[in-house]
Amino acid sequence: MSAYDKVCIDTFLEKQLQLFPEPVAESPAEADEFLDEVCALVFKDKKALFKMMKDELDVSGMSEEEMLSQDEVFALPDGRYLFVEG
């Protein structure tokens, strides 16, 4: 069973070129496998995403807007966030 639901997979497929110069997945199955391989993370909201970014990444001096605009951050239409390291 996948750790990523249809919303995560579809959003990644649609927006993957924001992070990569060419597609890394062409189907939902490939996207699911890729997200699993890179251990992409899903966050329930901005607060959880920001906590991880502040704890794990060098984002000192960045505004919340700048953190959200990072290529690795994919805003999901249901208010969650997908974080994919490139």
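The figures here come from the full heavy-atom set of this structure, side chains too, leaving out hydrogens, waters and symmetry mates.
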(request) Go through the structure and list residues passing side chain to side chain contact (heavy atoms under 4.5 Å, CB included) with S27, not counting sequence neighbours. (result) A29, E30
Taking only distance into account, with no hydrogens and no angle test, what donor-acceptor pairs under 3.5 Å do side-chain atoms of residues 69-86 form with protein atoms, sequence neighbours excluded?
from: S69; atom 1: OG; to: E65; atom 2: O; distance (Å): 3.4
from: S69; atom 1: OG; to: E66; atom 2: O; distance (Å): 2.9
from: Q70; atom 1: NE2; to: E66; atom 2: O; distance (Å): 3.0
from: D78; atom 1: OD1; to: R80; atom 2: N; distance (Å): 3.2
from: D78; atom 1: OD1; to: R80; atom 2: NE; distance (Å): 3.2
from: D78; atom 1: OD2; to: R80; atom 2: NE; distance (Å): 2.9
from: D78; atom 1: OD2; to: R80; atom 2: NH2; distance (Å): 3.0
from: R80; atom 1: NH1; to: D5; atom 2: OD2; distance (Å): 3.2
from: R80; atom 1: NH2; to: D5; atom 2: OD1; distance (Å): 3.1
from: R80; atom 1: NH2; to: D5; atom 2: OD2; distance (Å): 2.8

(message) Among residues at least two apart in sequence or on other chains, which ones pass salt bridge (Lys or Arg N to Asp or Glu O under 4.0 Å) with K51?
(response) D55
(message) Applying salt bridge (Lys or Arg N to Asp or Glu O under 4.0 Å), can you list everything that pairs with D36, at least two apart in sequence or on another chain?
(response) none
(message) Working to the nearest 0.5 angstrom, can you tell me the gap between D32 CG and K6 NZ?
(response) 12.5 Å
For residues 39-48, run the donor-acceptor check on the side chains, cut-off 3.5 Å, and write out each pair with its distance to 0.1 Å, sequence neighbours left out.
from: D45; atom 1: OD1; to: K47; atom 2: N; distance (Å): 3.3
from: D45; atom 1: OD1; to: A48; atom 2: N; distance (Å): 2.9

Indicate, with yes or no, if [Y] and [X] share a hydrophobic cluster defined by side-chain heavy-atom contacts under 4.5 Å among Ile, Leu, Val, Met, Phe, Trp and Tyr.
X	Y	result
F12	V38	yes
M52	L68	yes
F34	V7	yes

(message) Quick check: closest heavy atoms across A31 and I9, and the distance to 0.1 Å?
(response) CB-CG2, 3.9 Å
(request) Provide the closest heavy-atom pair for L35 versus Y4 in the form atom of the first, atom of the second, distance. (result) O-OH, 3.2 Å
(message) Can you confirm whether K54 sits close enough to M67 that some side-chain heavy atom of one is under 4.5 Å from a side-chain heavy atom of the other?
(response) yes
(request) Sorted by first residue and then second, give each salt bridge (charged side-chain N to carboxylate O under 4.0 Å, His left out) pair with at least one member in residues 13-25; sequence neighbours left out. (result) none
